[in-house]
Amino acid sequence: MNERLNWLGLANKFALAGDPQGMRACARELFDLNQKSADGPAVMAEAALYNNSLEEAENLARDALLLDPEHLRARMVLGGLAAQKFELKEELSLLQGVVDEIHAFLKKQEEDRKKLHGRLQMTIQPEATAQHQRTRELEDAEERVLRYLLFRSLGWLADGRYLAGEPIAAAEALQEASGLAQDREVAAELYSKHLFLRNYRELAPGAGRDLAEKYQSFVADVIPYSVQGKGGSPDKKLRIGYISPDFRQHAVANFILPLFRDFDDENFSVYCYSIGRSDAVTERLRRHHVLWRDVHSRPPRSVARMVAEDQIDILVDLSGHSQNNALAVMAAHAASVQICALGYTATTGLKMMDYFLSDVTCLPEHEKTAAFTEKILRLKHCHLCYAPGLVREMPQAGIQAPFFRNGYVTYGCFNNFAKVSDDVLYCWRAIMEQVPEAHLVLKSKICSIPSGRAIVMERLSKISFPVDRVELRPYSPDYLEQYRDIDVALDTMPYNGGLTTCEALYMGVPVVTLRGRSHGARFGASILKNGDLAELVAETPMEYIKKAVQLGKRVELIAGYHSGLREHLQKSALMDSKQYMRELEACYREAWKACSAVK
């Protein structure tokens, strides 16, 4: 075996194991092997990057490129450095270049192998066959090095594409990276992220379900528990378990307070399995009358065993395919009934997930549910209950609409820019054209960096958007207060805002949404209908434009919303936590009775 490839392969193993010191040792061996090779400084640069020694990493990567201007690892490191510095355009250019070049090389190598194999089939010379074997071994070792570089580059590229508002390109990169991962847990995590990002754009129900069902292969060897509670009394006091990484400062925390505060403690007892880190929000939640299990960093099987030992009747997963999720625990089916709720917008694809929580707006009774592997539990009202104040103290709403101080209507969207599809931009352009004095405020993380703002403006300019009336605002902790600068909020599609819509309404800003064709595309409709604001829900893109334009031309109506929307919302079903818990617990009882009927 080639000594250079041996050291490169070992450096890659150290990198995957999170051992920069081991990488440095390999780099020194590569230096000694050939001081004119770019491999040594490139590996050393990558190790420095993982140690957060950014200046050293850049100097070493550029030293490597002086020796070999096309060196893939050195270019990858510079792409990783650009990501660290939020130089988004440079990051995307560098990493996409590395990915494209490796793809081309691997494709050519495969074509050459097929041709050579065909020629060898026509000869019986042992010398040629032996030489081919030696060549193939070297090529395989080189290919393993390249696949490592491809794996790393795809991971960083996915992050960059997502930040740049290209969720499908990011999802595709994650799917490919998942296939390259050597560790199955890493592969499962990457594929799960891929599924999460696929929700950002329209996807046929059957296609979404097929993609989700492939996740099952990552947990296929998990042995499910033989649950003792199955077939128990249908009227017994039920043990409900909630499991999530997000019992902390997180969007989901704005919807979980009723689960801990307002449950019926005569008929239900509540257990909490926190698989994420803790913070001040966690401590506030722990004060409620629940049995708390801090299982952060425990292996999934260990968590599942605790669920089984607690004899949980219904385990409710609050994360789905979101980051650091609990699906590996759910795969063990340690509770009699398992439900996905609140934290995810589509099917998990997991065979061991029995139900998915929705409502009659997101998934009407008469509608087919081909997009889901789970059975559907429907609430009469919204499947989530907005309960602000747990994460932060809520500021006062803007009583006076900003139109009266500006002299023009300001539309706004504070959603993640990755949710802003081309269809959304065309709708917004039509609104701006029909309300010619209007301004649009976009507030998102992408607007926090110069190259990100440039990407947004370029995308708007390509469709002749009136960019002179667009204001880009960076993410900031006072984002709620900045709703006082917005007259009308515009929702995204097909991935609606959830918390963002609730917050805008609570700050006194009316939100126009489009009711789409999937559960995730109807979040906004459910929130608005249960907030007693059904007049803001559009059924078609043309109606979405029309409603936004009509609002923009009726400032007295905007003024009415701003002056009384918070009080209106507080009296609505969207914030009626007691009604919500009665409906939710009725669903739990329904699922339990169905389970109990199975003997």
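No experiment lies behind these values; they were computed from the predicted model shown.
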#### Entry: Residue pairs fulfilling side chain to side chain donor-acceptor pair (under 3.5 Å) with at least one residue in residues 155-166, sequence neighbours excluded
Gln96-Arg161, Arg161-Glu166, Tyr162-Tyr200, Tyr162-Asn416

### Message
If only side-chain N and O atoms count, and only distance matters, is there a donor-acceptor pair under 3.5 Å linking Ser572 with Asp532?
### Response
no

### Query
Under 3.5 Å, is there a donor-acceptor pair between the side chain of Gln216 and the main chain of Lys351?
yes

### Message
Nearest 0.5 angstrom please: Leu377 CG to Cys340 SG, how far?
### Response
11.0 Å

### Task
Could you check Arg248 against Asp246 for salt bridge (charged side-chain N to carboxylate O under 4.0 Å, His left out), going step by step and ending with a plain yes or no?
CA-CA 5 Å; Arg248 57 185 176 87; Asp246 302 323; 3.0 Å; yes

### Query
Using 30° and 60° as the class limits, which term best fits the ring planes of Tyr215 and His321: parallel, tilted or perpendicular?
perpendicular

#### Entry: Tyr483 and Phe414 aromatic centres sub-6.0 Å
yes

### Query
Side chain of Asp359, backbone of Cys382: donor and acceptor closer than 3.5 Å?
no

### Task
Return yes when atom CD of Glu535 has more than 12 non-hydrogen atoms of other residues, nucleotides or ligands closer than 6.0 Å, and no otherwise.
yes

### Query
Taking 4.0 angstrom as the limit, do Asp485 and Arg473 come out as a salt bridge?
yes

### Task
Sequence neighbours left out, what pairs pass salt bridge (Lys or Arg N to Asp or Glu O under 4.0 Å) with at least one residue falling in residues 373-391?
Glu365-Arg378

### Task
Check whether the side chains of Asn415 and Tyr495 place a donor and an acceptor atom closer than 3.5 Å, and report yes or no.
no

### Message
Could you tell me if the side chain of Leu318 sits less than 4.5 Å from the side chain of Ile243, heavy atoms only?
### Response
no

### Query
Have Tyr386 and Glu503 got a donor and an acceptor in their side chains that come within less than 3.5 Å?
no

### Query
Just by modelled atom types, is the Met457 backbone N or O under 3.5 Å from a matching donor or acceptor in the Ser461 side chain?
yes

### Query
Salt bridge between Glu283 and Arg287, side-chain N to carboxylate O under 4.0 Å?
no

### Task
Evaluate the side-chain contact (heavy atoms from CB on, under 4.5 Å) criterion for residues Tyr588 and Val316: first the C-alpha distance (whole Å), next the side-chain angles of each, then the deciding distance (0.1 Å), finally the verdict.
CA-CA 10 Å; Tyr588 289 163; Val316 185; 3.6 Å; yes

## Note on the structure
Taken in chain and number order and not counting sequence neighbours, the residues that satisfy salt bridge (Lys or Arg N to Asp or Glu O under 4.0 Å) with Lys214 are none

### Task
Please report the closest heavy-atom contact between Pro494 and Glu202, naming both atoms and the distance.
CG-N, 3.4 Å

### Query
Thinking salt bridges, do Glu91 and Lys89 make one under a 4.0 Å N-O criterion?
no

### Query
Is there a donor-acceptor pair closer than 3.5 Å between any side-chain N or O of Tyr191 and the backbone N or O of Leu211?
yes

### Query
With no hydrogens and no angle check, do the side chains of Asn325 and Ser319 hold a donor and an acceptor under 3.5 Å apart?
no

### Message
I'd like to know if the side chain of His439 reaches the main chain of Glu437, judged simply by a donor and an acceptor atom lying under 3.5 Å from each other, with no hydrogens or angles considered.
### Response
yes

### Query
Does some side-chain heavy atom of Phe268 sit less than 4.5 Å from a side-chain heavy atom of Arg589?
yes

### Query
Which residue, Val512, Val549, Val537, forms the side-chain contact (heavy atoms from CB on, under 4.5 Å) with Tyr544?
Val512

### Query
Ion pair present between Lys462 and Glu458, side-chain N to carboxylate O less than 4.0 angstrom?
no

### Query
Is there a donor-acceptor contact under 3.5 Å linking the side chains of Thr347 and Thr373?
yes

### Query
Can Asp317 and Ser244 be counted as having a side-chain donor-acceptor contact under 3.5 angstrom?
no

### Query
Salt-bridged, Arg277 to Asp279, with N to O below 4.0 Å?
no

### Sidechain N-carboxylate O distance under 4.0 Å for Glu433, Arg429
yes

### Message
When you measure from the side chain of Ser451 to the backbone of Leu88, do you find a donor-acceptor pair of N or O atoms at a distance under 3.5 Å?
### Response
yes

### Query
Asp354 side chain to Ile339 main-chain N or O, any donor-acceptor pair under 3.5 Å?
no

#### Entry: Worked verdict on Phe465 versus Leu440 for side-chain contact (heavy atoms from CB on, under 4.5 Å)
CA-CA 11 Å; Phe465 206 96; Leu440 174 66; 3.7 Å; yes

### Task
Would you mind listing every ring-ring contact (aromatic ring centres under 6.0 Å, His included) that reaches into residues 508-543, with sequence neighbours excluded?
Phe356-His519, His383-His519, His383-Phe523, His519-Phe523

### Query
Is Arg392 paired with Glu481 through a side-chain N to carboxylate O contact shorter than 4.0 Å?
yes

### Pairing of Arg522 and Glu367 as salt bridge, 4.0 angstrom limit
yes

### Query
So, His103 and Glu176: side-chain donor and acceptor under 3.5 Å apart, yes or no?
yes

### Query
Would you say the side-chain atoms of Asn496 pair up with the backbone N or O of Met493, donor to acceptor, closer than 3.5 Å?
no

### Message
For Gly497, is there any backbone N or O sitting under 3.5 Å from a side-chain donor or acceptor partner on Asp491?
### Response
yes

#### Entry: Which residues share a salt bridge (Lys or Arg N to Asp or Glu O under 4.0 Å) with Lys193, sequence neighbours left out
Glu189

### Query
Do Tyr242 and Tyr273 make the cut of ring centroids closer than 6.0 angstrom?
no

### Message
Tell me whether Lys571 is salt-bridged to Asp576, with the criterion being a basic N under 4.0 Å from an acidic carboxylate O.
### Response
no

### Heavy atoms from other residues, nucleotides or ligands near CE of Met394 exceed 12 (cutoff 6.0 Å)
yes

### Task
Indicate whether the side chain of Gln400 and that of His562 have a donor and an acceptor atom separated by less than 3.5 Å.
no

### Message
What I want to check is whether the side chains of Ser476 and Asp478 have a donor and an acceptor closer together than 3.5 Å.
### Response
yes

### Query
Do any N or O atoms from the side chain of Ser153 and from the backbone of Leu150 form a donor-acceptor pair under 3.5 angstrom?
no

### Task
Under the side-chain contact (heavy atoms from CB on, under 4.5 Å) rule, what do Glu213 and Arg209 come out as? Steps first, then yes or no, please.
CA-CA 6 Å; Glu213 284 184 310; Arg209 176 176 173 146; 3.6 Å; yes

### Summary
Lys419 meets the salt bridge (Lys or Arg N to Asp or Glu O under 4.0 Å) criterion, sequence neighbours left out, with none

### Task
Output, in order, the C-alpha distance, side-chain angles, deciding distance and verdict of side-chain contact (heavy atoms from CB on, under 4.5 Å) for Leu574 and Tyr580.
CA-CA 8 Å; Leu574 183 65; Tyr580 174 76; over 6 Å; no

